[in-house]
Student: 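Dropping a structure here in structure tokens format, bear with me for questions.
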Amino acid sequence: MRDMIRAEWTKFRTVRGWVVGMVLAAVVVMMFGLFPGVQGNCGRHGTGSECVLPVGPEGGEVSDSFMFAHQPLTGDGTLTVRVADLTGVLLGDPDRAGLAPWTKAGLIVKDGTKPGSAYAAVMVTGGHGVRMQHNFAHDRAGRAGSWLRLTRAGQTVTGASSADGVTWTTVDSVRMTLPATVELGMFVASPQYAEVMASSLGSVGASGGPSRATALFDHVSRDGTWTGTPVGGPGNAEPGQRGGLLPTGDGFTVTGTGDIAPAVAGAAGIGTTVTQTLIGTFAGLILVVVVATMSVTAEYRRGLIRTTVTASPRRGRVLAAKALVLGAVTFVVGLVAAAVVVLGGQQLLRNAGTYLHPASTATELRLIVGTATLLAVSAVLGLALGVLLRRGTTAVTAAIVTIVLPYLLAMTVLPTEAARWLLRVTPAAAFAVQQSATEYAQVDNLYTPIEGYFPLAPWAGLAVLTGWTALALALAAHRLRRRDA
């Protein structure tokens, strides 16, 4: 087997076209990644124009901007209110009445008014009923009701709802780390809204913008002075996006915008992710599969395959040696290209004023190794198709249709659900290994592949490609044994 691998390696490195093709694949991946073409305004207008997101108690970037009517609470305490009315405006041209689905109005206990600090809140929403959320990433649904109650007992915070103010149902009870004195009160947040638009070809896009909501709170159970603070809101915000607090009868009218949630990239978020640097992978993949299929179909065309199988009668081992050499070469090429664009492309995006969501070292490593594996396994699949079909043009076309075309269709033409289905069952599912963004149920966004969100987990997507490749290799080995070279 070692001699076969050595022979296949010698054969590969001595064919100039194959070597040049692999080098060009790496260049294409790096070219797209190092010249991504994405521009932004972060830091482009001097001091104060930098884009900085607060970090939540659990270490993730968050959005923490809302109108807060609050008073200090030392030790244990309870606040009860009724949300008597909740209305909203989707800001744009022209403004129109309506609530963003994740508009939030309710009660919150928070470790001060600094964005990103720990909190727990019970709320009514624009389209998702009653919820209790805490520390940005955690969300629990409750029974419908316009009455809300929030209770702190030590380090435990409990949220409850009621339809009549008499019979109460617990939404959730959470333990968290809070100081002795916290801020307790009413809040309103109204996030960016995203609306899906379908084109005549079935592809999707999004429109949207900021929104504003107004809640009427009455039957407020605590007396005292209430302070209105726009948490996280810029002082120079447009008038339509500023919050406010007004006493109203036995309660208050609170107007707010913004959101209390994990920060996301995409139509309803800000910036992009490190996945953007790997946008050239599909172009490099085309070159890789062309080289892979031609490396074996050229032997059939010139009759050299007869010499190969004569020298090595165990044809299954011949195919294995070809796959090992081709896969290893492609993996190394992909590893270098992916490392260059992931590590270098991020700084170029920042220099272009684009806000880039940070990625952990583990995520960067997975993107680099995963992209190299994606290219290597695709090359082996192309090799197997070459053995099965034997003709260069036919094999190259089949490889591109099988691996590359589903990805392009999902990104450019197909509706979201069709694209997600295609990226579950075809070899293109392996592109999920490049996902670096998290999809949150409590944040409305355009969670589509083109925005960097894939339907399968990263390694699950790669497993789909591996399964297709294993099947193709098995069929190729069977044909190589059964038919004359």
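Because only heavy atoms are used, hydrogens play no part in the values below, and waters and symmetry mates are left out as well, while side chains stay in. None of the values given here were measured: they were computed from a predicted structure.
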Student: Side chains of T469 and T466: is there a donor and an acceptor less than 3.5 Å apart?
Tutor: no
Student: Between atom OG of S221 and atom CG of L107, what is the distance when rounded to the nearest 0.5 Å?
Tutor: 8.0 Å
Student: Using modelled atom types and a 3.5 Å cut-off, is there a donor and acceptor pairing between side-chain atoms of T103 and backbone atoms of L99?
Tutor: no
Student: For a quick check under 3.5 Å, do T275 and S436 share a side-chain donor-acceptor pair by atom type?
Tutor: yes
Student: So, applying side chain to side chain contact (heavy atoms under 4.5 Å, CB included) with V157, which one of M132, H134, R175 is it?
Tutor: M132
Student: Does the S360 side chain pair with the main chain of T363, one donor and one acceptor, at a distance under 3.5 Å?
Tutor: yes
Student: How many angstroms lie between atom CG of L246 and atom OG1 of T255, to the nearest 0.5 angstrom?
Tutor: 7.0 Å
Student: Quick one: does any side-chain atom of T402 pair with a main-chain N or O of A398 as donor and acceptor, under 3.5 Å?
Tutor: yes
Student: Please walk me through it: do V342 and L278 pass side-chain contact (heavy atoms from CB on, under 4.5 Å)?
Tutor: CA-CA 7 Å; V342 167; L278 293 167; 4.0 Å; yes
Student: Side chains of S211 and Q192 only: does a donor on one sit below 3.5 Å from an acceptor on the other?
Tutor: no
Student: Within a radius of less than 6.0 Å around CG of D223, do more than 12 heavy atoms belonging to other residues, nucleotides or ligands occur?
Tutor: no
Student: Any ring pair (Phe, Tyr, Trp, His ring centres under 6.0 Å) involving residues 156-192? Give me the pairs, sequence neighbours left out, ordered by first then second residue.
Tutor: F66-F187
Student: Looking only at heavy atoms, which two atoms of V130 and A144 are closest? And how far apart?
Tutor: CG2-CA, 4.0 Å
Student: Just by modelled atom types, is the G327 backbone N or O under 3.5 Å from a matching donor or acceptor in the T330 side chain?
Tutor: no
Student: Side chains of F454 and V433, heavy atoms from C-beta outward: is any pair under 4.5 Å?
Tutor: no
Student: Could you tell me which residues satisfy side-chain contact (heavy atoms from CB on, under 4.5 Å) with A372, sequence neighbours excluded, listed by chain and number?
Tutor: F331, L335
Student: According to side-chain contact (heavy atoms from CB on, under 4.5 Å), who are the partners of T87, at least two apart in sequence or on a separate chain?
Tutor: D85, T214
Student: Please enumerate all residues that pass side-chain contact (heavy atoms from CB on, under 4.5 Å) together with S63, with sequence neighbours excluded.
Tutor: D259
Student: What are the two closest heavy atoms between L245 and T227, and how far apart are they?
Tutor: CD2-C, 4.0 Å
Student: Under a 3.5 Å cutoff, is there a donor and acceptor pairing between the side chains of H128 and W102?
Tutor: yes
Student: Are L456 and L423 packed together at the side-chain level, in the sense that at least one heavy-atom pair is separated by less than 4.5 angstrom?
Tutor: no
Student: Examine distances only and state if a side-chain atom of Q71 and a backbone atom of R222 form a donor-acceptor pair shorter than 3.5 Å.
Tutor: no
Student: Taking side-chain contact (heavy atoms from CB on, under 4.5 Å) as the definition, give me every residue that meets it alongside L408, ordered by chain and number, with sequence neighbours left out.
Tutor: F282, V404
Student: Do T229 and T113 have a side chain donor and acceptor closer than 3.5 Å?
Tutor: no
Student: Distance from T253 atom OG1 to M67 atom CE, nearest 0.5 Å?
Tutor: 12.0 Å
Student: Donor-acceptor pair, T125 side chain versus G129 backbone, under 3.5 Å?
Tutor: yes
Student: Going from CZ on F431 to CG on L374, what distance comes out if it is rounded to the nearest 0.5 angstrom?
Tutor: 5.0 Å
Student: Do Y119 and V109 come close enough that some side-chain heavy atom pair is under 4.5 Å?
Tutor: no
Student: Between atom CG of D64 and atom CD1 of I260, what is the distance when rounded to the nearest 0.5 Å?
Tutor: 6.0 Å
Student: Any side-chain heavy-atom pair from H70 and L184 closer than 4.5 angstrom?
Tutor: no
Student: Side chains of E364 and Q346: is there a donor and an acceptor less than 3.5 Å apart?
Tutor: yes
Student: If I compare all heavy atoms of A141 with all of R131, which pair ends up nearest, and what's the gap?
Tutor: CB-NH1, 3.5 Å
Student: Check ring pair (Phe, Tyr, Trp, His ring centres under 6.0 Å) between W147 and all other residues, then give those that pass, not counting sequence neighbours.
Tutor: H219
Student: Identify each donor-acceptor pair in which a side-chain atom of residues 51-60 lies under 3.5 Å from a protein atom, sequence neighbours left out, and give them as a table.
Tutor:
from: E58; atom 1: OE1; to: H138; atom 2: NE2; distance (Å): 3.3
from: E58; atom 1: OE2; to: H138; atom 2: NE2; distance (Å): 2.6

Student: For the pair S161 (side chain) and R143 (backbone), establish whether a donor and an acceptor sit closer than 3.5 Å, ignoring hydrogens and angles.
Tutor: yes
Student: Using every non-hydrogen atom in the two residues, find where V288 and A379 come nearest and quote the distance to one decimal.
Tutor: CG1-CB, 3.5 Å
Student: Donor-acceptor check, side chain of S162 to backbone of D164, threshold 3.5 angstrom: yes or no?
Tutor: yes
Student: Backbone N or O of A120 within a donor-acceptor pair of the N135 side chain at under 3.5 Å?
Tutor: no
Student: Once side chain to side chain donor-acceptor pair (under 3.5 Å) is applied, what residue pairs with a partner in residues 417-431 remain, sequence neighbours excluded?
Tutor: none
Student: What pair of heavy atoms forms the shortest contact from P179 to D111, and how long is it?
Tutor: CG-OD1, 3.2 Å
Student: Answer yes or no: is there a side-chain heavy-atom contact under 4.5 Å between L348 and T277?
Tutor: no
Student: Of all residues at least two apart in sequence or in a different chain, which pass the salt bridge (charged side-chain N to carboxylate O under 4.0 Å, His left out) check with R82?
Tutor: D218
Student: Where is the tightest heavy-atom contact between A399 and G382, given as atom of each residue plus distance?
Tutor: CB-CA, 4.4 Å
Student: Is there a side-chain contact between V443 and P262 in this structure, where contact means two heavy atoms from C-beta onward sitting under 4.5 Å apart?
Tutor: yes
Student: Examine distances only and state if a side-chain atom of R366 and a backbone atom of Q435 form a donor-acceptor pair shorter than 3.5 Å.
Tutor: yes
Student: Decide side-chain contact (heavy atoms from CB on, under 4.5 Å) for T412 and Y407; before the verdict, give the C-alpha distance in whole Å, the side-chain angles of both, and the deciding distance to 0.1 Å.
Tutor: CA-CA 9 Å; T412 59; Y407 175 79; over 6 Å; no
Student: When you check the side-chain N and O atoms of K110 and S117, is any donor under 3.5 Å from an acceptor?
Tutor: yes
Student: Just by distance, with hydrogens left out, do T80 and R149 show a side-chain donor and acceptor under 3.5 Å apart?
Tutor: yes
Student: Begin from the C-alpha positions of I403 and V289 and carry the test side-chain contact (heavy atoms from CB on, under 4.5 Å) through to its verdict.
Tutor: CA-CA 9 Å; I403 306 169; V289 297; 3.7 Å; yes
Student: The criterion is salt bridge (charged side-chain N to carboxylate O under 4.0 Å, His left out); which residues satisfy it with R140, sequence neighbours excluded?
Tutor: D172
Student: Dump the intermediate steps for side-chain contact (heavy atoms from CB on, under 4.5 Å) on L34 and M31, then the final yes or no.
Tutor: CA-CA 5 Å; L34 297 179; M31 182 177 66; over 6 Å; no
Student: V83 versus L216: any side-chain heavy-atom pair under 4.5 Å?
Tutor: no
Student: Identify, with sequence neighbours excluded, every residue that meets side-chain hydrogen bond (donor to acceptor under 3.5 Å, both in side chains) alongside T78.
Tutor: T151
Student: Which pairs with one or both residues in residues 247-256 pass salt bridge (charged side-chain N to carboxylate O under 4.0 Å, His left out), sequence neighbours excluded?
Tutor: none
Student: Does any non-hydrogen side-chain atom of F68 lie less than 4.5 Å from one of I108?
Tutor: yes
